[in-house]
Structure formats: structure tokens, C-alpha cells
Amino acid sequence: MKRKSLFPWLGATASALVPFASAQAQQKNIDERPNVIIIMADDIGYGDLSCNGEPTIHTPNVERVANQGVRFTDAHSVAATSTPSRYSMLTGLYSWRRNDTGIARGDAGMIIRPEQYTIADMFRDNGYYTGAIGKWHLGLGDKTGEQNWNEKITPNPDDIGFSYSYLMAATADRTPCVYVENGKVVNLDPNDPIYVSYEKNFEGEPTGRTHPELLTKMVPSHGHDQSIINGISRIGFMKGGKSALWTDEFIADSITTHAVQFIDQHKEHPFFLYLGTNDIHVPRVPHPQFVGKSGMGPRGDAILEFDWTVGKVMDALDKYGLTENTIVIVTSDNGPVVDDGYQDRAVELLGDHRPWGPFRGGKYSIFEGGTRVPLVFSWPKHTKKKVSKALVSQIDFFRSFAELIGTDIPQGGATDSQNHLNAFLGKSKKGRDYIVEQGWSLGVSDGTWKYIEPSNAGKFDRYTNTELGNDSKPQLYKLGKDINEQKNLADKYPNKVKELADILQKERDKN
Ligand code: NG6
Ligand code: CA
């Protein structure tokens with residue numbers, strides 16, 4: 001359903017955002033509606049980008065976006081790991097409302113079901129070309145473990161709004177290590193079919209555990225000792241599909257090339273591109289041109305590679321004259337992690353670099369480091385360089401863009417999403433009243449106060465040593481003064497604890 005979109009601040013162009021008023025206007029609308037690109041990094045922390053103030057790394061291309069847009073200091077992903085975070089961003093629904101949105105296997109069935117309404121459906125229904133390129137990690141096909149990787153896999157992203165997709169099924173550390181384009185494995189030789197299992201190995205196939213001498217590129221520090229592809233052992237087993245296997249060194253190249261191609265092909269028409277980089281998830285094996293360039297080993301080099309991707313996207317927009325009227329968002333799916341399973345010397349070479357910036361915890365954590373992510377929102381036609389302290393969440397892209405393009409969302413869709421377009425554009429200092437954060441447990445922040453519900457889960461992640469933020473007692477932090485969540489004030493301010501715990505309960509009761 002279409003409706004009027006009214007933006008006093010858009011002035012003369014406002015009428016161009018009222019879709020489908022007349023044939024002539026329609027043409028005009030189509031020309032004037034902005035393209036939207038969400039560049040979703042994997043595991044890049046707030047402190048991993050130089051625009052956020054860390055002097056230990058230089059990411060000039062993200063700075064280029066920040067120089068023409070709004071840079072947020074209190075922006076959040078919904079969850080502290082990838083699958084739930086991306087699920088929430090694309091559906092406008094909190095992942096914790098379902099119990100099957102945890103970190104997905106490489107052979108997971110589609111977690112977002114075709115009957116669910118996604119942000120991509122919304123753009124497509126409103127005349128946009130829609131594409132998903134890069135890291136997916138939201139499952140493919142109908143049922144976990146039952147895909148036939150040698151045929152077209154359905155359902156696939158086309159069934160949830162993406163007309164074009166070129167994806168890594170999950171993560172670089174999970175099988176199958178192939179690209180899937182519009183539901184089909186790319187470059188597959190029918191004489192060498194591909195098989196995937198998360199249950200058991202295929203007979204005679206080497207694994208990281210049985211054949212460590214074959215690990216020529218990356219050796220695991222924990223887990224990641226199953227099938228060996230390109231000299232790196234992974235999570236999960238696979239066999240066959242030799243011609244389709246990716247080469248880790250060229251993943252960023254491949255994803256970026258497809259993104260630039262997508263922009264080129266749709267330059268005449270509004271498009272929505274969800275671009276998930278593989279950088280800087282493990283295994284971090286950047287292209288030789290970045291190796292040794294950060295002084296921090298593969299983790300830092302992968303950040304530079306991420307920045308390069310951002311630069312290539314910006315160059316393409318410049319080349320086609322699309323810069324002015326394209327919204328570019330640069331953000332990350334969860335907080336940072338240093339050693340996430342491979343011996344890439346990330347801990348040893350970190351030096352003074354603080355991937356988590358001023359925050360406590362990181363990926364997996366309910367402390368701010370888990371979900372407080374970098375976020376830059378740029379639309380040169382309407383934004384200028386600015387820093388915003390507004391409390392914003394990726395879950396709100398959905399309704400904010402609905403407002404922007406002047407459309408309604410079907411009943412039951414994106415019910416946890418809110419319109420904060422003016423905050424994203426830097427026109428308003430006020431974002432959300434509160435956000436719900438998800439680590440192992442849930443928390444609520446109103447930007448000033450942060451409540452973490454009691455949880456008996458462990459205090460440290462046993463693999464990465466991340467402080468998870470779990471405690472058997474309620475926690476309350478005054479973020480304004482104590483951004484590093486050091487002083488639990490729950491005993492001192494029981495009313496505040498109750499107020500925020502009640503908010504969380506109310507959100508839960510909506511299930
Ligand atoms: C964990 C993996 C980690 C990473 C993560 C998913 C182990 C021990 N650790 O289970 O390496 O793959 O899952 O990361 O296997 S995410 O960013 O995609 O959520
Ligand atoms: Ca991630």
C-alpha cells in the first residue's frame with residue numbers, strides 16, 4: 001500500500017517522494033527516489049574505524065562516507081552475533097522472539113521464511129531493484145541439512161525480497177565454501193557434485209584434526225578443525241565441488257566486484273543493495289595487497305580491505321553520478337572479537353589498538369561492546385558531516401525507509417521497528433526511547449541508563465575470553481558517566497532497575 005510521505009525539510013523535492021501520483025509524476029518519482037546501500041561489516045568494532053577516533057588504524061574510505069553524513073556514537077545492532085543481528089535488521093523483528101535465530105550452521109534452512117515481510121520486500125514492492133551480496137548467514141533452502149547443493153536451492157533470498165543475490169551461505173569459517181548466486185552454486189561442475197554435512201565427515205576426506213600438516217594458510221586456535229579448504233580447516237564437512245570453491249584471498253574482490261556490477265546494472269533506476277562483507281570475520285586471509293599493511297597482522301589488514309571495499313563502492317557511485325542521491329550506510333553486525341578461532345596473531349599484534357573503543361565486552365557480550373557498533377549514514381543530498389549522540393538501532397532502518405519512500409508495511413510486519421528517519425538524517429537529536437540489547441541475556445538501554453537482566457550463564461566466553469556481561473544479579477549502569485559499565489548501581493537505584501526491567505517485560509509480553 002502506498003501513502004503520502006511528508007517531509008517539510010525536503011522542500012521542493014517533497015512532491016517527488018509521493019509515489020505513483022500520475023504517470024508523469026511516477027517517472028519523476030522513480031528518478032528522484034534515493035538508492036540505498038547498507039554496507040554491513042562482519043565483526044568490525046566501534047574502535048576499528050578511524051572516523052570513531054582511534055588513532056591506531058586508518059580507514060580513509062569510511063571517513064569519506066562520514067565526511068558527508070551522520071556518524072553515530074550510540075548506534076546498535078540488535079544482537080551481539082551475526083545471525084540474530086541480521087535477522088532483526090532485515091525483518092524489523094527482535095530475533096529473541098524466536099528460539100531458532102542463533103548463530104546458523106552453513107547448511108541451515110532459511111531462517112526468514114517466505115511469508116515474512118522483509119525490508120527487501122518493501123523496497124521491491126515500491127519499484128526498487130533489490131540485491132543481497134556477500135555474507136548471508138541466514139540459511140538457504142527449506143530445511144536444515146536437506147539442501148541439494150547441486151540444484152537450484154529454494155526458498156532463497158528471492159523469496160524474501162531480493163531479486164538478485166550473490167552470497168556466501170554462512171561465514172568463511174563454515175562449509176560450504178562456495179558462492180551461491182540466485183540459489184545456485186557458482187561454477188559447479190556437474191561431474192563433481194558437492195556434498196555438505198554438519199553431522200559427520202565424508203569417508204576419506206582430510207580434516208584439520210586428522211591432517212594438520214595440510215593446514216598451510218591458517219591453523220585453528222579453537223574449533224574450526226573439520227573440512228580443509230584452501231589450506232584452512234573450517235566448521236562443518238564438505239566434499240566435491242572443487243571448481244566452485246572460493247579462494248579466501250579473493251573473497252573481498254569477488255564480493256566487491258559483484259556489488260559494483262549491481263550498481264552499474266541498476267544505475268538508471270532506484271536500487272536497494274544489502275552488501276555484507278566477509279571482512280573482518282575469521283579466517284582473516286586478505287588479498288596480498290593488504291598483507292602487512294596495518295602492522296596488526298591479518299585482523300588489521302582485513303580492516304584495510306574492508307575500507308577498500310567501501311572505497312570501491314563510493315568510486316562506482318561517483319563514476320555513475322549517483323553519489324548525491326544514494327544513501328550509504330556503513331555499519332557492523334556485532335561488536336569486535338580478537339581471537340575468534342584461528343592463530344592469526346590478532347591478540348599479540350593488537351598493540352594499543354582498541355577494537356571496542358571505549359566500551360566493555362565485545363562480540364557475544366551483553367555489555368555495550370556487544371551491540372554498540374559503528375554507524376555512518378550518508379545521503380549527500382540531505383546530510384552533512386555531523387556527529388549524533390541519538391540512540392539508534394539497525395532494526396529501525398525498516399520503518400525509517402518506509403517513511404522515506406512513503407509506504408505502509410503490511411499488518412504484522414516489522415512490528416519492532418520504529419521510524420527514526422530524522423535521527424538518521426541528523427535532523428533530530430532524538431532517536432529511540434530505549435533499545436533492547438541481546439547477548440546471551442537481554443538488556444535495556446535508554447542511552448543514559450543500562451539494565452542487564454540476571455543470568456546464570458558464564459562470565460567469560462570460553463573460547464574468545466570475551467567478558468559476556470552475565471551476572472546472577474541485576475546490573476544497572478549509568479552510561480552517561482560510566483560508559484565502560486564498571487559500577488553496578490542496581491542496589492542503589494532499585495526504582496530505575498524496576499523501570500527498565502518492566503520495559504523489558506513489556507517487550508517480552510508482546511510475543
Ligand atoms: C562461533 C565460532 C566463531 C564464529 C561465530 C559466528 C567456534 C568455536 N566459534 O561459534 O568462530 O564463527 O560462531 O560469528 O566455532 S558470527 O559473526 O557469524 O556470528
Ligand atoms: Ca558477525
Side-chain angles (χ1 to χ4, degrees), residues 37-69 71 133-135 168 171-173 217-218 230 232 246-260 275-318 328-340 342-357 362-363 373-376 378:
I37 304 178
I38 299 176
I39 304 179
M40 182 64 75
D42 201 351
D43 299 356
I44 283 191
Y46 186 90
D48 280 325
L49 300 175
S50 53
C51 66
N52 285 339
E54 289 293 315
T56 38
I57 189 103
H58 187 41
T59 47
N61 290 298
V62 181
E63 280 185 17
R64 191 168 150 195
V65 185
N67 282 339
Q68 58 187 33
R71 178 172 71 78
I133 295 176
K135 165 161 171 165
M168 304 166 73
T171 50
D173 62 352
K217 291 206 177 142
M218 205 47 102
N230 190 28
I232 303 168
W246 67 50
T247 305
D248 297 70
E249 290 84 336
F250 303 138
I251 292 176
D253 234 344
S254 182
I255 290 174
T256 306
T257 303
H258 283 81
V260 168
L275 172 54
T277 65
N278 167 53
D279 288 319
I280 60 167
H281 199 279
V282 295
R284 304 166 184 134
V285 189
H287 187 278
Q289 70 164 309
F290 302 106
V291 173
K293 295 286 155 62
S294 69
M296 279 186 262
R299 186 179 185 281
D301 298 344
I303 297 175
L304 302 185
E305 186 172 71
F306 170 78
D307 187 66
W308 168 87
T309 295
V310 173
K312 289 287 165 199
V313 168
M314 300 299 282
D315 289 348
L317 295 178
D318 281 350
V328 176
I329 297 172
V330 179
T331 188
S332 183
D333 66 342
N334 50 249
V337 56
V338 186
D339 175 351
D340 204 18
Y342 291 94
Q343 297 179 32
D344 58 9
R345 300 177 71 210
V347 175
E348 182 192 337
L349 297 173
L350 206 55
D352 294 331
H353 182 63
R354 296 182 306 161
W356 39 82
K363 180 176 179 178
V373 288
L375 197 153
V376 178
S378 128

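This structure is a prediction, so every number in the text was calculated from the model and none was measured.
- Residues Met40 and Val373 fail the side-chain proximity criterion, which asks for heavy atoms closer than 4.5 Å.
- Expressed to the nearest 0.5 Å, how far CG of Asp279 lies from CD1 of Ile303 amounts to 9.5 Å.
- Scanning for salt bridge (charged side-chain N to carboxylate O under 4.0 Å, His left out) contacts around Asp344 gives Arg284, with sequence neighbours left out.
- For Asp48 (side chain) and Gly45 (main-chain N/O), a donor-acceptor pair under 3.5 Å exists by modelled atom type.
- Distance alone, capped at 3.5 Å, places no donor-acceptor pair between the Ser254 side chain and the Phe250 backbone.
- Partners of His258 by ring pair (Phe, Tyr, Trp, His ring centres under 6.0 Å), not counting sequence neighbours, listed by chain and number: Tyr166.
- Taking every heavy atom of both residues into account, Trp246 and Asn230 meet most closely at O-CB, 4.5 Å.
- Remark: Gln343 engages Val219, Ser221 in a side-chain contact (heavy atoms from CB on, under 4.5 Å) (not counting sequence neighbours).
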Worksheet item: Does the salt bridge (charged side-chain N to carboxylate O under 4.0 Å, His left out) test come out yes or no for Asp43 and Lys135, once each step is laid out?
Response: CA-CA 12 Å; Asp43 299 356; Lys135 165 161 171 165; 5.7 Å; no
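- For Lys312, the NZ atom is loosely surrounded, since the number of other residues' heavy atoms within 6.0 Å does not exceed 12.
- Taking both residues in full, the closest heavy atoms of Ala41 and Thr277 are given as CA-OG1, 3.4 Å, listed atom of the first, atom of the second, then distance.
- Across every non-hydrogen atom of Gly311 and Arg64, the tightest pair is O-NH1, 3.7 Å.
- Here the straight-line distance linking atom CE of Met296 with atom CG of Leu350 works out to 7.0 Å at 0.5 Å rounding.
- In this structure the side chain of Pro336 reaches within 4.5 angstrom of the side chain of Arg299, judged on heavy atoms.
- Here Asp352 pairs with nothing under the salt bridge (charged side-chain N to carboxylate O under 4.0 Å, His left out) rule; sequence neighbours left out.
- The distance from the CE atom of Met314 to the CD1 atom of Ile37 is 8.5 Å, given to the nearest 0.5 Å.
- Taking every heavy atom of both residues into account, Ile57 and Gly300 meet most closely at CD1-O, 4.2 Å.
- Residues Gln289 and Trp308 have side chains in contact (heavy-atom distance under 4.5 Å, counting atoms from C-beta outward).
- Counting all heavy atoms, side chain and backbone alike, Val376 lies closest to Ala66 at CG1-CA, 3.6 Å.
- The shortest distance between side-chain heavy atoms of Thr309 and Ile255 does not fall below 4.5 Å.
- Ser378 places no side-chain N or O within donor-acceptor distance of the main-chain N or O of Gly69, the cut-off being under 3.5 Å.
- A donor-acceptor pair under 3.5 Å is formed between the side chain of Asn61 and the backbone N or O of Asp307.
- To the nearest 0.5 Å, atom OH of residue Tyr46 and atom CG of residue Asn52 are 4.0 Å apart.
- Within the model, atoms NZ of Lys363 and CG of Asn334 stand 5.5 Å from one another, a figure rounded to the nearest 0.5 Å.
- Scored by the side-chain contact (heavy atoms from CB on, under 4.5 Å) test, Glu63 finds Ser50, Cys51, His58 as partners (sequence neighbours excluded).
- The line from CG of Asp248 to CG of Asn278 is 7.5 Å long, rounded to the nearest 0.5 Å.
- Every residue meeting the ring pair (Phe, Tyr, Trp, His ring centres under 6.0 Å) condition with Tyr342, not counting sequence neighbours, appears here in chain and number order: His224.
- Counting heavy atoms from C-beta on, the side chains of Phe306 and Val62 come closer than 4.5 Å.
- Between Thr331 and Pro374 the shortest heavy-atom distance is OG1-O, 2.7 Å.
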